[in-house]
Amino acid sequence: MSTNRYSPPPVSGAYNAPASTDAVHATLTIPGSKSLTNRELIIAAIADGPGRLVAPLHSDDSRRMVDALRALGVGIEEVDAGGEFGPDLVVTPAKLTGGVTIDCGQAGTVMRFIAPLAGLASRDVHLTAHETALHRPMGGLISALRDLGVDIDDEGTWSLPFTVRGHGRIRGGRVEIDASASSQFVSGLLLAAPRFDVGLHLVHTGEHLPSLPHIDMTIEALSRRGIRIERPAVGEWLVEAGVPRAKEIAIEPDLSNAAPFLAAALVTGGSVTITGWPAHSTQPGAMLPEILQAMGAHTSRHGGALTVRAGSAIHGIDIDLAPASELTPTIVGLAAFAQSPTTIRGIGHIRLHETDRIAALIGNIRAIGGEAEELPDGLRIIPRALHGGGWAAHHDHRMATTGALIGLRVPGIEIDEIGTTAKTLPEFTLLWERMLGGAGA
């Protein structure tokens with residue numbers, strides 16, 4: 001069994017966010033999408049032969065997924081292809097075994113994608129997570145898996161840690177789920193569903209379904225490998241039983257991880273270009289050009305790259321970010337410098353992410369002199385003069401990057417733990433400082 005060979009230089013501890021007195025002008029390449037990497041790893045693990053992921057993300061979250069699949073018996077080999085951000089991954093499917101404990105760390109995709117897969121293992125799989133992630137919702141998924149016949153011992157907590165008593169198969173069929181807390185419940189079931197005996201007929205019963213682009217991403221990834229999925233109604237999916245085709249899949253750059261870099265163009269009055277921006281993408285970050293334009297940016301595409309240039313001012317907006325709630329921290333960072341207030345709606349579920357993101361953003365903004373108020377399903381930012389001070393990361397990678405964004409224009413911002421960015425972008429500080437140095441401009 002191969003071990004992980006690629007490991008980006010760790011950067012951790014307090015980070016004095018560099019301020020920029022000049023307009024930033026840079027061209028950058030962003031590592032692969034975490035969401036796509038972890039979905040493609042799951043599908044490759046249950047495919048009909050070895051497959052290859054080209055330019056995948058190598059981060060804490062993706063490494064947790066690799067380790068989890070290896071623990072279940074899947075072969076994953078790292079192959080150096082000369083990529084700037086690490087090797088390709090060759091995935092060789094195998095009979096899922098079990099008899100292991102899997103630590104999901106802080107990775108929501110690991111806990112929600114591996115749980116259904118564990119039901120296909122031949123022995124027990126104990127799932128746990130970092131203490132800061134044990135609060136993350138799992139009840140809806142546990143309930144749905146039990147309705148499908150999966151034996152789960154959670155000692156009545158409806159949360160991690162719990163044990164999936166694998167019997168080597170899941171019959172499948174029709175099941176209802178309330179995925180209001182996380183679209184990952186739906187994606188996790190859809191990803192494993194091709195290997196259920198009779199496939200899956202999944203019906204969402206809740207009033208709210210966040211992050212629909214992530215579900216579209218799951219469906220597109222499965223369809224690309226020959227799995228037929230029908231959507232007879234909104235919030236309803238039919239997955240035929242089958243074996244995904246083994247393929248070579250190139251992973252797109254992580255568009256949401258590009259958000260703070262693109263936002264830096266507006267904050268400093270400059271321009272930032274991200275290479276390899278896909279013409280079509282199911283990533284929520286694909287909404288960034290439209291959102292940034294609404295906030296006053298000029299955007300253009302040329303030669304497969306997206307360029308964002310600052311306009312005359314940053315505009316406040318009123319936006320429903322339910323489809324792309326992971327962009328909320330970056331939009332809040334921009335809103336702090338806008339000429340008018342910003343209201344972000346449809347994001348109540350982010351209270352249950354790595355931290356309560358709404359409370360954390362409001363607390364951090366207020367701590368440096370800003371004004372923010374909580375709404376039932378979002379928050380409102382009223383621009384005020386800001387000053388330096390501590391910025392709490394709250395074990396949340398997107399909270400840390402937002403602190404760096406604000407620090408571009410507010411000297412003296414100190415992020416208490418920049419190491420949280422390793423969750424999805426270990427190279428964050430390297431790329432941030434490269435941007436400030438005008439790399440490729």
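For the pair T128 (side chain) and D103 (backbone), a donor-acceptor distance under 3.5 Å is absent. In this structure a side-chain-to-backbone donor-acceptor pair under 3.5 Å is missing from H349 to H353.
R245 and D48 are not joined by a salt bridge, as no carboxylate oxygen comes within less than 4.0 angstrom of a charged side-chain nitrogen.
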From CA spacing to verdict: side-chain hydrogen bond (donor to acceptor under 3.5 Å, both in side chains), T132, Q106: CA-CA 7 Å; T132 60; Q106 283 195 313; 2.7 Å; yes
Under the side-chain hydrogen bond (donor to acceptor under 3.5 Å, both in side chains) rule, what do S180 and D178 come out as? Steps first, then yes or no, please. CA-CA 6 Å; S180 302; D178 183 352; 2.5 Å; yes
Step by step, would you call D396 with K423 a salt bridge (Lys or Arg N to Asp or Glu O under 4.0 Å)? CA-CA 8 Å; D396 190 323; K423 185 176 191 295; over 6 Å; no
Kindly determine whether E176 and T205 satisfy side-chain hydrogen bond (donor to acceptor under 3.5 Å, both in side chains), including the steps that lead there. CA-CA 6 Å; E176 295 183 351; T205 59; 5.2 Å; no
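Applying the side-chain hydrogen bond (donor to acceptor under 3.5 Å, both in side chains) test between T424 and each of E326, H397, R398 identifies H397 as the sole match. Each of R224, R52, K247 was compared with E40 under the side-chain hydrogen bond (donor to acceptor under 3.5 Å, both in side chains) criterion, and only R224 meets it.
More than 12 non-hydrogen atoms from other residues, nucleotides or ligands lie less than 6.0 angstrom from CZ of R301. Atom NE2 of H395 has 12 or fewer neighbouring heavy atoms from other residues, nucleotides or ligands inside a 6.0 Å radius.
Listed here is the closest heavy atom pair of A265 and V308: CB-O, 3.4 Å. Counting all heavy atoms, side chain and backbone alike, I347 lies closest to S325 at CG2-CB, 3.9 Å. Annotation for G270 and H25: closest pair CA-CE1, 3.8 Å, computed over non-hydrogen atoms. Listed here is the closest heavy atom pair of L191 and I46: O-CD1, 3.3 Å.
Side-chain N/O atoms of H394 and E417 include no donor and acceptor closer than 3.5 Å. Side-chain contact, H214 with S183: no donor N or O sits under 3.5 Å from an acceptor N or O. If you check the side chains of T163 and H126, you find a donor sitting under 3.5 Å from an acceptor.
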